[in-house]
Amino acid sequence: MAAVKPDLFTGLNTEQEAAVRTVQGPVLVLAGAGTGKTRVLTTRIAHILGQGLARPWEILCVTFTNKAAREMRERTQKLVGASAEGLQNLGTFHSIAAQILRRHADLVGLKSNFTILDDDDQVRLLKGIFEQEGIDQKRYTPKSFAWQIDQWKNKGLTPDKIKGGEGAEFGGNKGIKLYQAYQDRLRILNACDFGDLLLHNLDILTKHPDILETYHRKFKYILVDEYQDTNVSQYLWLRLLTNTDRNLCCVGDDDQSIYGWRGAEVDNILKFERDYPGAKIIRLERNYRSTEHILGAAAGLIKANTARLGKTLFTDEKGGDKVQVQGLWDGAAEAQFVAEDMERLHKGTRDNDPRKWSDMAILVRASFQMRAFEERFVMLQIPYTVVGGPRFFERAEIRDAIAYLRLIQSPDDDLAFERIINVPKRGIGDATVQKLLQQARLAGVSVMTAVRDLIQTDELPARAKTPLVGFMRDFSRWLDLSKDAQASVLLDTVLTDSGYFDMQRADKTSGQTRLDNLKELGNSMAAFDDLAAFLEHVSLVMDLERDNGGDSVRLMTLHAAKGLEFPVVYLPGWEEGIFPSQRSMDEGGLKSLEEERRLAYVGITRARQEAKISFVANRQVYGRWTNQIPSRFVDELPIENVEATSQTGYQSAGWQSQQSRWDRAGYEPNYTKKAEAPAYGGDLAGVDMRRLEPKARPTPHRQPAPAKPSAKNFKLGERVFHMKFGYGLIVEIEGNKLIVNFETSGDKKVIDSFVDRA
DNA sequence: AACCGCTCGATTTTT
DNA sequence: TCGAGCGGTT
């Protein structure tokens with residue numbers, strides 16, 4: 001008779017069970033795509049709790065995103081019930097580090113109510129410093145320096161630790177000085193940025209062994225999700241917090257490390273065994289997601305990478321469709337192909353029942369590639385949702401509203417002041433604001449205090465003084481109100497009194513959305529009884545539960561697709577320079593190329609049943625026509641897992657022999673300039689390649705069906721285009737014409753071609 | 001102080 | 001293509 005397993009383990013495979021049961025000592029779980037990683041983590045927590053090895057708050061479980069943390073909590077709850085609520089230390093790196101920092105803020109010169117800056121504040125602060133230091137802001141932008149600071153902080157580098165050459169040369173060798181000045185300003189403002197949350201933690205934990213000791217006693221078990229994405233400071237933080245029992249379990253997949261550009265170190269996972277001698281390595285290789293051909297194609301591709309621990313995924317889903325590779329003439333043809341294929345699948349085919357729209361996703365390398373698909377979807381009226389798009393809390397109106405609240409919560413928040421003092425326009429211009437800032441700096445007080453003092457004197461011209469007096473009067477009324485009114489009531493009052501609502505209502509370009517967004521902000525505040533709690537939530541959880549888009553096609557970047565899966569996945573734009581991205585390779589050479597390849601791997605492995613890769617011969621990029629050559633990744637796909645068709649002539653050349661063409665042309669995988677790559681039909685010997693003559697605009701190979709009046713299927717105010725900073729809104733429907741407004745610029749676009757699908 | 005029109009440049013993005 | 005940022009004008 002087989003041993004009866006306790007409930008918790010039923011349905012787990014041998015490796016998964018081992019990963020759950022190996023509770024003592026360091027463990028690295030190498031969890032390939034679709035191998036049940038979250039299940040292992042949640043079951044492991046349940047197991048630790050069930051065995052009485054630790055109480056809920058003695059488990060430290062860190063993730064990267066709030067979404068992952070939320071999912072982990074919910075799924076653990078299903079396994080252990082109410083005791084999951086005691087898992088106070090399940091959260092993102094940043095939220096847990098913030099908790100710790102608030103407890104010991106005084107040790108790094110902050111007060112425990114410090115504010116957390118968003119990147120907008122960060123840039124504004126740097127701008128001030130640049131002006132003070134006389135930095136040429138055309139040559140050196142505050143934005144690029146903000147990036148540099150983030151990079152330093154990701155590496156755990158404080159100003160004193162930077163050696164020459166690591167960006168120190170910024171602004172004419174002023175990098176370190178500017179960084180130091182920035183840190184000093186943060187301390188004066190009682191603020192820190194995201195990087196500081198961890199950096200200050202490191203400072204506290206290394207300099208105060210007694211405090212470290214309390215955390216060692218507290219955190220009996222540590223679990224880490226997506227370990228391949230940890231940066232140096234997160235890595236150091238984990239090392240510090242791991243006590244001598246070393247009950248550390250890191251779960252990750254080196255083949256899915258795609259965040260190197262923001263500081264993630266694949267090395268962390270590669271050297272786990274060296275860091276924690278005697279560590280157990282458990283490989284999860286049984287894939288529950290994809291068919292054999294999809295896994296085969298992905299495996300063939302990732303094989304080309306050198307720095308990997310190595311896994312071989314397998315599945316019981318034998319057979320299935322081969323990965324489709326399509327060569328197309330241009331971007332419009334590609335969008336047309338994808339949209340028509342989706343319609344075909346939506347209707348149902350001989351082999352498959354109808355697919356829901358939401359079963360299909362398009363994964364692109366960069367967001368500018370989305371436009372062509374959106375245009376086609378609007379034309380065909382295929383419902384689509386852009387996943388990831390502009391973030392709610394990053395929208396200008398939301399930031400403005402929050403800045404008002406921040407200023408009320410802590411009047412010393414100079415950055416909040418600067419943001420809203422002339423929004424809506426009060427006649428307080430740049431010159432006045434600069435004067436106020438300077439005055440405050442000289443007196444060593446906050447801007448609010450400086451203003452309060454200044455309006456008692458006659459130092460300001462009446463033109464600037466009058467609106468300031470008015471503002472201060474409003475402000476003190478809000479301050480009083482904040483003491484007993486509900487946060488959402490306060491928000492409403494502030495936005496009404498300040499004229500902010502009026503300003504937005506008067507703005508014709510934005511339609512209703514901005515006001516709707518503000519309403520949504522008010523609703524989300526209702527869940528918090530205290531303004532401080534709400535603001536903390538806003539800065540750390542820059543994410544609002546959004547509706548899932550219903551039955552619509554999903555359109556997103558490859559990065560946004562990590563962790564998701566779809567029955568059908570389209571992977572367009574597999575062309576050299578686009579994917580792999582030229583810019584990425586210019587910056588990081590071979591290392592970046594391997595990361596791009598991992599991105600391709602992530603893309604393919606999102607598919608459950610069908611993956612469709614496409615490339616084009618000609619593509620418009622930012623309005624310019626360019627000739628494209630197929631991505632080297634296409635050639636790395638094993639022939640036996642692929643079915644190739646083409647409308648460009650490329651296929652007949654035999655796409656699988658492309659690698660040898662690269663070799664003959666002396667084409668190095670780590671070339672640094674576009675110019676070094678061979679041109680189509682130029683250095684390459686392949687006869688068929690010449691059919692793709694580099695030409696100006698090609699004629700579309702197929703015209704869309706004649707337009708019929710079907711604009712009526714759209715609603716006023718509907719969002720149809722997703723720009724980098726906002727949306728396109730339907731502001732008018734005139735017969736068969738849609739007038740779309742771009743929210744930020746106010747520019748108009750007319751869409752007058754529709755295809756009737758009835 | 002506020003607005004207009006021109007030039008330039010352009011991955012990936014969480015907290 | 002869009003939008004940000006700048007400099008010149010009202």
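Chain A is the first sequence line, chain B the second, and so forth, proteins listed ahead of strands; every chain is numbered from 1.
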Could you walk me through whether A:L101 and A:I204 satisfy the side chain to side chain contact (heavy atoms under 4.5 Å, CB included) test, starting with their C-alpha distance in whole Å, then the side-chain angles of each, then the deciding distance to 0.1 Å, before giving a yes or no?
CA-CA 8 Å; A:L101 185 55; A:I204 292 163; 3.7 Å; yes
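- A:F64 comes within contact range of the sugar-phosphate backbone alone, with a heavy-atom separation under 4.0 Å but no base atom that close.
- Residue A:T65 is in sugar-phosphate contact alone, with no base atom involved, counting any heavy-atom pair closer than 4.0 Å across all strands shown.
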A:N231/A:W237 under side chain to side chain contact (heavy atoms under 4.5 Å, CB included): CA gap, chis, key distance, verdict:
CA-CA 10 Å; A:N231 62 32; A:W237 187 79; over 6 Å; no
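- When heavy atoms are screened at a 4.0 angstrom cut-off, A:N66 is found touching the sugar-phosphate backbone but no base atom.
- The 5' end of DNA chain B is approached more closely, in terms of each residue's nearest nucleotide, by A:R463 than by the other of A:A560 and A:R463.
- Applying a 4.0 Å cut-off to non-hydrogen atoms, the residues of residues 363-371 of chain A that approach DNA chain B are A:R365, A:A366, A:S367, listed by residue number.
- For the ring-ring contact (aromatic ring centres under 6.0 Å, His included) test, no residue two or more places apart in sequence or in another chain qualifies with A:F373.
- Using a 4.0 Å heavy-atom distance criterion, A:T557 is classed as a sugar-phosphate-only contact.
- Mapping A:E596 and A:N422 onto DNA chain B via the closest heavy atom, the residue that lands nearer the 5' end is A:N422.
- Chain A approaches DNA chain B within less than 4.0 angstrom (heavy atoms of the protein), and the contacting nucleotides run 5' to 3' from B:dA1 to B:dT15.
- By the ring-ring contact (aromatic ring centres under 6.0 Å, His included) test, A:F130 pairs with A:F145, sequence neighbours left out.
- Residue contacts shown for A:E587 include a base, since a base heavy atom lies under 4.0 Å away.
- Listed by first and then second residue, the side chain to side chain donor-acceptor pair (under 3.5 Å) pairs involving residues 361-373 of chain A are A:R365-A:E596 (not counting sequence neighbours).
- Using a 4.0 Å heavy-atom distance criterion, A:A98 is classed as making no nucleic acid contact.
- Around NZ of A:K127, the count of heavy atoms belonging to other residues, nucleotides or ligands within 6.0 Å does not exceed 12.
- Listed by chain and number, the residues in a ring-ring contact (aromatic ring centres under 6.0 Å, His included) with A:F721 amount to none (sequence neighbours excluded).
- Proximity of a side-chain donor or acceptor of A:R73 to a complementary backbone N or O of A:L87 within less than 3.5 Å is detected.
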List the steps, then state whether ring pair (Phe, Tyr, Trp, His ring centres under 6.0 Å) holds for A:F579 with A:W574.
CA-CA 5 Å; A:F579 189 38; A:W574 281 42; 5.4 Å; yes
